[in-house]
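All remarks here apply to the structure that follows.
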Amino acid sequence: MFKNSLHKKRAYLRLALYFISFGFVIALLSSLINFRLQTNNIDTAIQQRFESTRVSTYNQLSEIISQLESSVDALAENPLMKTYLLRPSQLSLHNLESLFQAAAAAEPLFMQVRFIDAGGNEQVRVERNDDDSITLVTNRQLQDKSARAYFQQTMQLAKGQHWHSKLDLNREQGQIQIPIRPTYRIATPVYLDERVAAGVVIININAQPVLSNALRSEIFNVLMIDREGETLAHFDDSQAWSRYLPERESVFAQQPALARALQGSADIANNYLVEGHYALDITQLFPNGEGLLLLFAPKQEAISTLFRSNYLAALLIAMIVLLISFPLSWLVALIPAKLQNKLSHALSEVQHANSLLDRHVISSHTDTDGVITDVSQKMCDASGYSKQELIGKTHRVLAHPKASRRNHKLLWQTITEGETWNGELYNRTKDGRDYWIKSVISPDLDQDGQLIGYTQVAQDISSKKALEKLSVTDTLTGVYNRRKLDQLLAEESDRLNRFQHQFSVILLDLDGFKQLNDTYGHLAGDDVLVRVAGHIQRRVRQVDQVGRWGGEEFLIICPGTDGKSAALLADKLRVYISQQEYSLDREVTASFGVAEGVVDEGAAHMIKRADDALYQAKQQGRNRVVYQDPDQARQSS
């Protein structure tokens, strides 16, 4: 019996040893196989990282070039540009200069913004100084650029086409500027009609931030070369710009095999791996004849990290299989290993994509009541609020006090009916700054088609709105200019003729303004104009439109208002203006002419009646209001 018990123990131990040995062998083989597979997959992993980097880099550069082309187009097609070309004057030139200064101030990359007329002479030149301030170059410093190739080539382009310069280094007095400042230029012709170009808009940008972003990578060493192998940008700054710095060798001189491989490749765009480098053709983004190419070489430390990760994964699998220690353990080990690899890769891709969206796209999610459940970091950056401050609230916390309620009502009506809403929203940041976004809001549905919330994706368009506002604003007083008033008058006249929606106008002129200018000077006169414009804006209704009609004349358009009510408003303004202090030893008064709209009369005739009434107010002693009854207008028409 003792012998049987000892025999069973020995058999048990022997069987256990077999299982342990078998498990150890399986664990070792599984680890070696897995390590081998993972090692073979390193090249695939590197190529997948390159694919992700290639897409993000190409999209980033494409967006920058597109924005630059949009900027020169916006300046070339701006109404202020056309006004200056059609009716050149000191005022129209001043407005155009203000437009170019605003464009330069809005974009930190802009180093120089110019308009060159059809004769090749600079008319406007705005420059960014080393301290980041903006300078308007005086008339005596403007130059003749008619002999420059970029001017001649741009003038030959059709409307909407763009000229792109080569990437080069900024020069001062013929010498390369130190520290090095890479420069890139984009130009487009200005057309008043479809036949002959009236000039050129050209923008010079500081290309260093653009190149730095393109070369930034945790996985790759990145460099930019042209078709001759000259280095333009390099992850090692001491090897960049070999085309302009003769003491530095080109990439082709350093790596002849790379030169032969690239020059012998028929399709670089689809030939990912060239002599240990991944290639990205960016010729279409920079159509300047240089044949630009980005080369990505995997960093040694990145490859080492992947090897270490594979080694740790293999060791972990060996331990798991050894602990399980039974004949089918290899199957149990391989399946999770493969599954883990796929899940890890998928998770990495999702996290990377989510990270890009979170950092670069304004987005938010709400429930069916509009309560915010999640926001992107980009939205926090744009609004100045943290995620904790926004989640749990509605978008009303972001809405500007003057935002259109009608627009908000239409938005909710659209999305609650299951449709997607597109439009512009006027918002205010936490610290009180105004900004605009172009937004797309779509309903979110669950698997059963039930509404569970809404998703917003938006783009900041504040710079575009600022340029639009500048084109319709009087630069001195800040109220609407004549061009905008003409547009509003036409709209109100059309509304009156079609829907009998009444409106009136008030035309006011400052009394004795020429004498005021002659006595106190034009600066004092300008100060009075600015103050009076502010007084008018504070005393009229929100629906009323105020603008400078010309000189010392202001026009107020009063929608939904008859002539008698407008006359009462005019008299209140008359009293208020005369009671204010103007830092002068005399009072400031104004005379007013009021006219009520008449169907089929036309805006020009209505303004003529208001001007006649204003003339009567002047003749009757000034500082008074004269209202012309609409029956008189009907009789005269």
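What you are looking at is a predicted structure, and each value in this text was computed from that prediction instead of being measured.
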Side chain Asp369, main chain Val371, donor-acceptor under 3.5 Å: no
query: Is it the case that more than 12 heavy atoms not belonging to Gln500 sit under 6.0 Å from its CD atom?
result: yes
- request: Would you confirm whether Asp544, through its side chain, and Val540, through its main-chain N or O, come within 3.5 Å as a donor-acceptor pair?
  value: no
- prompt: For Ala458, does its backbone N or O pair with a side-chain atom of Ser439 as donor and acceptor, under 3.5 Å?
  reply: no
- request: For the pair Ser71 (side chain) and Glu69 (backbone), establish whether a donor and an acceptor sit closer than 3.5 Å, ignoring hydrogens and angles.
  value: no
query: Would you say the side-chain atoms of Gln67 and Glu63 include a donor-acceptor pair closer than 3.5 Å?
result: yes
message: Looking only at the side chains, is there a donor atom on one of His365 and Thr373 sitting less than 3.5 Å from an acceptor on the other?
response: no
message: Between Asp446 and Asp448 (side chain of the first, backbone of the second, donor and acceptor by atom type, cut-off under 3.5 Å), is there such a pair?
response: yes
query: Backbone N or O of Glu419 within a donor-acceptor pair of the Glu417 side chain at under 3.5 Å?
result: no
message: Can you tell me how far apart CE (Met111) and CZ (Arg185) are? Round to the nearest 0.5 Å.
response: 11.5 Å
query: Is the backbone of Ala490 close enough, under 3.5 Å, to the side chain of Asp494 for a donor and an acceptor to pair up by distance?
result: no
- prompt: Between CZ of Arg482 and CD of Gln487, what distance do you get to the nearest 0.5 Å?
  reply: 14.0 Å
message: Restricting to non-hydrogen atoms, name the atom on Tyr84 and the atom on Gln123 that form the minimum distance, rounded to 0.1 Å.
response: OH-OE1, 3.1 Å
Aromatic plane relationship, Tyr426 with His400 - under 30° parallel, 30 to 60° tilted, over 60° perpendicular: parallel
Salt bridge (Lys or Arg N to Asp or Glu O under 4.0 Å) between Asp611 and Lys608, intermediate numbers included: CA-CA 5 Å; Asp611 190 58; Lys608 174 67 169 56; over 6 Å; no
Chi angles and distances behind the salt bridge (Lys or Arg N to Asp or Glu O under 4.0 Å) call for Lys82, Glu77: CA-CA 7 Å; Lys82 296 183 178 179; Glu77 298 172 6; over 6 Å; no
message: I'd like to know whether NZ of Lys572 has more than 12 heavy-atom contacts from other residues, nucleotides or ligands below 6.0 angstrom.
response: no
task: In sequence, state the C-alpha distance, the side-chain angles, and the governing distance for Ser504 and Glu596, and then conclude on side-chain hydrogen bond (donor to acceptor under 3.5 Å, both in side chains).
output: CA-CA 4 Å; Ser504 300; Glu596 177 181 319; 4.8 Å; no
Output field: ring centroids Tyr582/His535 closer than 6.0 Å: yes
- prompt: At what distance, to the nearest 0.5 angstrom, does CG of Leu529 lie from CZ of Phe513?
  reply: 3.5 Å
message: Does Arg538 have more than 12 heavy atoms from other residues, nucleotides or ligands lying within 6.0 Å of its CZ?
response: yes
query: With a 4.5 Å limit on heavy-atom distance, are the side chains of Ser383 and Arg428 in contact?
result: no
- prompt: Looking just at side-chain N and O atoms, do Thr135 and Asn129 make a donor-acceptor pair shorter than 3.5 Å?
  reply: yes
message: Testing the 3.5 Å rule here: is there a donor-acceptor pair between the side chains of Thr589 and Asp511?
response: yes
query: At what distance, to the nearest 0.5 angstrom, does SG of Cys380 lie from NZ of Lys387?
result: 6.0 Å
- prompt: So, Asp117 side chain and Gly199 main chain: donor-acceptor pair closer than 3.5 Å or not?
  reply: no
query: With a 4.5 Å limit on heavy-atom distance, are the side chains of Phe503 and Ile557 in contact?
result: yes
query: If you count the non-hydrogen atoms of other residues, nucleotides and ligands that lie under 6.0 Å from CZ in Arg433, is the total more than 12?
result: no
task: Examine distances only and state if a side-chain atom of Ser376 and a backbone atom of Ser363 form a donor-acceptor pair shorter than 3.5 Å.
output: yes
message: If I compare all heavy atoms of Val594 with all of Gly563, which pair ends up nearest, and what's the gap?
response: CG1-O, 3.7 Å
query: Charged N to carboxylate O below 4.0 Å: is that the case for Asp562 and Lys564?
result: no
query: Under a 4.0 Å N-O cut-off, is there an ion pair linking Asp381 with Lys378?
result: no
- request: To the nearest 0.5 angstrom, please state how far the OH atom of Tyr58 sits from the CD atom of Gln284.
  value: 4.5 Å
field: Ring centre gap for Tyr627 and Phe592 strictly below 6.0 Å
entry: no
- request: Apply the test ring pair (Phe, Tyr, Trp, His ring centres under 6.0 Å) to residues Tyr454 and Trp412: give CA-CA distance (whole Å), side-chain angles for both, the deciding distance (0.1 Å), then the verdict.
  value: CA-CA 11 Å; Tyr454 304 98; Trp412 270 102; 5.6 Å; yes
- prompt: Do Glu127 and Arg125 meet the salt-bridge criterion of a basic N to acidic O distance under 4.0 Å?
  reply: yes
- prompt: Is there a side-chain hydrogen bond (donor to acceptor under 3.5 Å, both in side chains) between His162 and Asp73 once you walk through the steps?
  reply: CA-CA 9 Å; His162 303 91; Asp73 289 343; 2.9 Å; yes
query: Is it the case that Thr477 and Asp474 place a side-chain donor and acceptor less than 3.5 Å from each other?
result: yes
Side-chain heavy atoms of Arg541 within contact of Thr561, under 4.5 Å: yes
- prompt: Do Arg609 and Glu601 sit within salt-bridge range, that is, some charged N less than 4.0 Å from a carboxylate O?
  reply: yes
query: Would you say the side-chain atoms of Asn407 pair up with the backbone N or O of Glu424, donor to acceptor, closer than 3.5 Å?
result: yes
query: Which pair of non-hydrogen atoms, one from Gln161 and one from Pro189, has the smallest distance, and what is that distance?
result: O-CD, 3.5 Å
query: Is the shortest heavy-atom distance from the side chain of Leu93 to the side chain of Pro88 under 4.5 Å?
result: no
query: Side-chain donor-acceptor pair under 3.5 Å between Ser56 and Gln60, yes or no?
result: no
message: Is any side-chain heavy atom of Gln537 closer than 4.5 Å to one of Val479?
response: yes
Close side-chain approach of Ser92 to Arg87, heavy-atom, < 4.5 Å: no
- prompt: Do Val210 and Tyr184 come within less than 4.5 Å of each other through their side chains, counting heavy atoms only?
  reply: no
task: Decide yes or no for Ser471 and Leu99: does some side-chain heavy atom of the first lie under 4.5 Å from some side-chain heavy atom of the second?
output: no
statement: Thr154 and Thr188 have their tightest heavy-atom pair at CG2-C, 3.6 Å
query: Do Arg539's NZ or CZ and the ring of Tyr576 fall within the cation-pi criteria of under 6.0 Å and 45°?
result: yes
message: Distance alone, cut at 3.5 Å: any donor-acceptor contact between the side chains of Thr455 and Asp444?
response: yes
message: How long is the straight-line distance from CD1 of Ile536 back to CZ of Phe554, given to the nearest 0.5 Å?
response: 5.5 Å
